[in-house]
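See structure below.
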Amino acid sequence: MEWANQLCENRQFGSKMTDSKYFTTTKKGEIFELKAELNSDKKEKKKEAVKKVIASMTVGKDVSALFPDVVNCMQTDNLELKKLVYLYLMNYAKSQPDMAIMAVNTFVKDCEDANPLIRALAVRTMGCIRVDKITEYLCEPLRKCLKDEDPYVRKTAAVCVAKLHDINAQLVEDQGFLDTLKDLISDSNPMVVANAVAALSEIAESHPNSNLLDLNPQSINKLLTALNECTEWGQIFILDCLANYTPRDDRESQSICERVTPRLSHANSAVVLSAVKVLMKFMEMLPKDLDYYGTLLKKLAPPLVTLLSAEPELQYVALRNINLIVQKRPEILKHEMKVFFVKYNDPIYVKLEKLDIMIRLASQANIAQVLAELKEYATEVDVDFVRKAVRAIGRCAIKVEQSAERCVSTLLDLIQTKVNYVVQEAIVVIKDIFRKYPNKYESVIATLCENLDSLDEPEARAAMIWIVGEYAERIDNADELLESFLEGFHDESTQVQLQLLTAIVKLFLKKPTETQELVQQVLSLATQDSDNPDLRDRGYIYWRLLSTDPVAAKEVVLAEKPLISEETDLIEPTLLEELICHIGTLASVYHKPPSAFVEGSRGVMHKRLPARTGSGESTESPDVGTAAGGSAPEAAPSIIPSQGDLLGDLLNLDMAPPTTTGPPPPNTGMQMGGMDLLGGGLDSLMGDESEPLGGDIGGSPAMGAGFGAAPAVMPASLNAPVGGGLGDLFDLGGGVGMPMGAYIPPKTVWLPAMKAKGLEISGTFARRAGVIQMELILTNKAMSVMTDFAIQFNRNSFGLAPAGPLQVLTPLGPNQTIEVSLPLSTVGPVMKMDPLNNLQVAVKNNIDVFYFSCQYPISMLFVEDGKMERQVFLATWKDIPNDNESQFQIKDCHLNSDAASSKLQGSNIFTIAKRTVEGQDMLYMSIKLSNGIWVLAELRVQAGNPNYTISLKCRAPEVSQCVFQCYEAVLKN
Amino acid sequence: MIGGLFIYNHKGEVLISRVYRDDIGRNAVDAFRVNVIHARQQVRSPVTNIARTSFFHVKRSNIWLAAVTKQNVNAAMVFEFLYKMCDVMTAYFGKISEENIKNNFVLIYELLDEILDFGYPQNSETGALKTFITQTGIKSQSKEEQSQITSQVTGQIGWRREGIKYRRNELFLDVLESVNLLMSPQGQVLSAHVSGRVVMKSYLSGMPECKFGMNDKIVIDKQGKGGGATGQSIAIDDCTFHQCVRLSKFDAERSISFIPPDGECELMRYRTTKDIILPFRVIPLVREVGRTKLEVKVVIKSNFKPSLLAQKIEVRIPTPLNTSGVQVICMKGKAKYKASENAIVWKIKRMAGMKESQISAEIELLPTNDKKKWARPPISMNFEVPFAPSGLKVRYLKVFEPKLNYSDHDVIKWVRYIGRSGIYETRC
């Protein structure tokens, strides 16, 4: 390290203030010299030597050879020296595990020292020595320190548990440290609480499904109390932890919000942002007509604005977050446009972010101001910034119709400046304005054409060519202009070539007489002289169209274009929701979910905003909405959690292909068909009779695997040629037997296009005539054609598996949508999932394999022969232990008991008996799942009371929660 | 959480390197140097992701501080921590420079060990840290002293130790404001705001309970019902407080009460946008005479009580890049063309309120064939005035110390108002 050497030459030794001398050491034999000094008798010399060692370590020299000599210095009452030795140990222990053991005794001894500072230091350092052998010795001292009388030691020990967990998670569990850590949440000292919360949160992240952070109203209350007393950092830990909690109802949500709002005045921006996160999340649960909701919205604006007077780096973090907040709740900052005006000496990263937010906030009310600003920015120095400003003007025109004219004239002014990149950027956005407001601003085309020569970027050239082609009939010399581009056809980028081809064809269709030669020229260039398949294909299509049917060609090529949307660059809603749950963190800075940049399992858990549900849900089971927040009860899309599974699925898909596209192998088809006919017939016969006989045949556990599940497979083989035609027929048949029809949840987006290279999948599940179907809508949002679709499920709780291939027979072109219904069987491999009704799916096409997970309503699995005989019901009800009973509330349901009963029957929930006691109807019901599990229910309906109480009894109580959700879904839809 | 913390000099050499997590290796040190410090183009973001590792950096003079992580950490917290780290180092050894860092590397490691545990920020109040992390080696402490230290570091009032004694109880309040303005050439205010700070320097014995009052509109209006309105009040858009202030009390009754740290602290920050007194008005007039000449005339008017004096006034008039010569005439102060800064800098030492002054300049330009027009950056201004442009007034600062017997009257209090220009620009 040269600088270190140079530095020391003219430095005096001896005085206290010249520690930098340690950064210099003579190169020759330095290790040897240091060794001698370390073993010196003089304390001062020893200390000097250790300092030299640390300095060498810092600059990256390997001084591990001195390990034993440094460790020898550890036994000292000089705290400064001790700390230096510890620092060395933390760095090198891993490379010298055997020698590190030498230090153990001292650590253990220090953990008993009278001085709390030394006890804490020892336990802190020991946790940093990541050697397995040492961890064993660490357990006892750590246990003592967790219960130390001094809070300083306890708060250090709390973090040490997280350290130990990182080295050896099993050991931490076995030793019961997690329980001790949980106890510390109730510690009297706020800092101990804060560190315990931080440690538990981190440990919980690596066990996404554990119920480690047992958040319930009591513990939340403790945290909120500690929030008022602990350090700024502790407040951040606690707020971040609170954000993972899902309150039971709107009232609890409001009371937490009330106690968190004072944090918005904290000087520490991170405290403010974390508080904003909690509020943004919990606000979801508040009814919008509540006064408090409005108050809260108003309270959020000022602190967000104040963040903009922080240091630039924090401003950047704040702006990235505000960008999200503005998309989620535009009302918060709609009056604050001015604070986002760019200052001349803002760092570039702040400027670019402010610009983004300005466009999002632009509205009719403030557009004049915004435009004036944007025009100023377009004359700045930074090229990226100027481009973005010009683009922003275009976006304003598209967003606020009233301003379009003014925007266009501003853009024209800018084109007059002749600054090359400004002109090009302006032309690109003007193209979009033309598309949004057709036949309105074409008068400016002449000005644009003047700048043809200065365009050297493909995007701008393509935009200009598009304009010329689109308005060829109004441009006198359109043919000349396009011809001039044609000269260097082969040097152009693909984008420009494609655009030029289309533009000339358009021109030809508009002015066929004069341009025949030109069109032939471009077609031959595109088809014969080009290696680019896209270009060739497009060329051939045009050629054939023009030669066979010019009228059709006109209809195709000059068809009316779909309008472009007002908002661009919006974050896709599910991602936005997830990012809102990550306000303040890196995810919110990158605008990417943590899984995109965090390795391993940590932080991959997807977070969701709570649903605005009132108080109906999860009253009885506090664990539903807690933990890492990932288990909100409604079925919304989420992503398959761990890397390991992905790999497994990938292999699965390639190795065992029962479900590739194309016709299924004939023999299996026949076989299944035979079974189907039988099973399906039987099943539909018994659909509404449901005598005990039916129960025995279709669903006794013995039969369940082989025969009982067969009906589900039916249409798979039958409907091979025509999508879901037969399924629909059967739907009709089913409708006769079922009074109301089964409940089918609305389709939700399972796989957003962003995550699947343009393939968007939304869907739902339905049970039609005893057949479970996955109904999918595949949309191709990419530019290229998709083919070769296939689907595969991961093992799941009820053995759901595709009963046939995914029927996508034609390739899916860009912007095309196809509806597919996939019959499912319940004979697939079984693995318990969490939540129980979670289904992990892999979809393959010619581009890639994509994964998503979705939750199916368990009512899909309710079989038609689920009506139990009265006597059997009574006996079974008694037989199932009371521990297995769970009770739920269904709120705001305004059906009377008969309507409810018939509605439920549509979903194969059968009412067996009804009893009326003191104006309260008690309905006794039975349900049978496809795997033979019976669920018995008692539904209490009181006239005039919209709240139902339901008790569920089942031998497998895990399903109760899911069944309850079904009740709620069915009754409310 | 934070996985590691590195400090580099301007050349990218590591001065301090402390790794907290296993997932951060030595190569992270180099990755930051190569991709950020030695990067060819200007830094485009304070957060950089290199090979799935995220780097947060701040720069102090020519020293780079970088925090590294592989997890989804609280980004705002990391930056707040880096700033705090800078504050702590400054409090210990003054300016953050390569020399000071090298001279104090042992101390810095000791601090890093204390204020960041496994990447989790811990108590980083200098007042508390100084009680047990010292430069002069370890002092032997009695058992009482030790437990006093630990209870202070972890306690509710982590920023103040007990047993402080002063013969003379004294406190200084500085209301420091920076007034920001962006004005159109026509004199229309595009945006204006004041960001202010109340800095308190206190030398008080014991654990004094303080209560701070100002002419906050909300408070005045509340009291206004009873007594007569006292003077003017101001509308505060938003304010934030030092962690010693009881936020829940402020939220409930809007009273600012606290036990201050000993010595200096920033009690409060605030922002106002209404009824701001703009101390100066700049009236620009730029005329292009042909392609090679510009005429610039700038008038400044002071807009405050004639009895007050503004100081350190500086007006900066930007000139085009192809300026070949400038002739300046000004009535007051000194003006100079600074070619290296592409600006005419006009300085006036003092100026009383309700006055006016003027400068005119002729700028000769070299003919260029550059198509790009001159961007006309705004004219900026610097100044200092002895009042608060927001109109904020300190109404009282009461001190109660129930255990020691000194009363509010015995405390000597000083209040001072300073208004400075922030970004004070007029477009021309």
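Order of the sequence lines fixes the chain letters, A, B, ..., with proteins taken first and strands second; residue numbering starts at 1 for each chain.
- Using a 4.5 Å cut-off on side-chain heavy atoms (C-beta onward), Trp233(A) and Glu80(B) make contact.
- In terms of heavy-atom pairs under 4.5 Å with chain A, the best-connected choice from Glu425(B), Arg269(B), Met1(B), Gln122(B) is Gln122(B).
- Of the possible polar contacts, one joining the Lys338(A) side chain to the Leu190(B) backbone as a donor-acceptor pair under 3.5 Å is found.
- Both the backbone and the side chain of Leu314(A) come within contact range of chain B, judged by heavy atoms closer than 4.5 Å.
- Contacts of Asn195(A) with chain B are made by side-chain atoms alone, with heavy-atom separations under 4.5 Å and no backbone atom involved.
- In this structure, Tyr83(B) OH and Ser269(A) OG are separated by 8.0 Å, a value rounded to the nearest 0.5 Å.
- Phe237(A) touches chain B through its side chain: at least one heavy atom from C-beta onward sits under 4.5 Å away, while N, CA, C and O do not.
- Contacts of Lys82(A) with chain B are absent, with no heavy-atom separation under 4.5 Å from either backbone or side chain.
- For Val305(A), the parts lying under 4.5 angstrom from a heavy atom of chain B are both the backbone and the side chain.
- Only the side chain of Met90(A) comes within less than 4.5 Å of a heavy atom in chain B; its backbone stays farther off.
- Of the two parts of Asn228(A), only the side chain, counted from C-beta on, holds a non-hydrogen atom closer than 4.5 Å to a non-hydrogen atom of chain B.
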Would you please test Val47(B) and Leu586(A) for side-chain contact (heavy atoms from CB on, under 4.5 Å) and show each step?
CA-CA 9 Å; Val47(B) 186; Leu586(A) 261 181; 3.7 Å; yes

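- Using a 4.0 Å cut-off between charged side-chain N and carboxylate O, Arg44(B) and Asp384(A) make a salt bridge.
- Salt-bridge formation is detected for the pair Lys84(B)/Glu232(A): a Lys NZ or Arg NE/NH1/NH2 atom is positioned less than 4.0 Å from an Asp or Glu carboxylate oxygen.
- Comparing Phe241(B), Phe56(B), Phe81(B), Phe118(B) by heavy-atom pairs within less than 4.5 Å of chain A, the highest count is held by Phe118(B).
- There is no contact between Leu307(A) and chain B, counting heavy-atom distances below 4.5 Å.
- Residues that satisfy the side chain to side chain donor-acceptor pair (under 3.5 Å) test with Ser274(A), not counting sequence neighbours, are Asp240(A), Asn74(B).
- In this structure, the portions of Lys163(A) lying under 4.5 Å from any heavy atom of chain B include both its backbone and its side chain.
- No part of Ala120(A) comes within reach of chain B, as not one of its non-hydrogen atoms sits under 4.5 angstrom from that chain.
- Heavy-atom pairs under 4.5 Å with chain A peak, among Pro46(B), Ser45(B), Ala75(B), at Pro46(B).
- Asp382(A) touches chain B through its side chain: at least one heavy atom from C-beta onward sits under 4.5 Å away, while N, CA, C and O do not.
- Looking only at atom types and distance, the side chain of Thr306(A) has no donor-acceptor partner in the side chain of Tyr270(B) under 3.5 Å away.
- Contact check for Arg263(A) versus Leu247(B): side-chain heavy atoms found under the 4.5 Å cut-off.
- Heavy atoms closer than 4.5 Å to chain A are found in both the backbone and the side chain of Ser124(B).
- When all heavy atoms are compared, the tightest approach of Lys59(B) to Glu313(A) is N-OE2, 4.4 Å.
- The shortest distance between side-chain heavy atoms of Asn123(B) and Met191(A) falls below 4.5 Å.
- Counting heavy atoms from C-beta outward, Pro302(A) and Arg271(B) have side chains that approach closer than 4.5 Å.
- Only the side chain of Tyr316(A) comes within less than 4.5 Å of a heavy atom of chain B; its backbone N, CA, C and O stay farther away.
- Taking a cutoff of 4.0 Å between a charged side-chain nitrogen and a carboxylate oxygen, Asp113(B) and Lys83(A) do not qualify as a salt bridge.
- Proximity to chain B (any heavy atom under 4.5 Å) is shown, for Arg154(A), by neither the backbone nor the side chain.
- A donor atom on one side chain and an acceptor atom on the other are not found under 3.5 Å apart for Ser380(B) and Tyr344(A).
- For Glu376(A), the part sitting under 4.5 Å from any heavy atom of chain B is the side chain, from C-beta outward, and nothing else.
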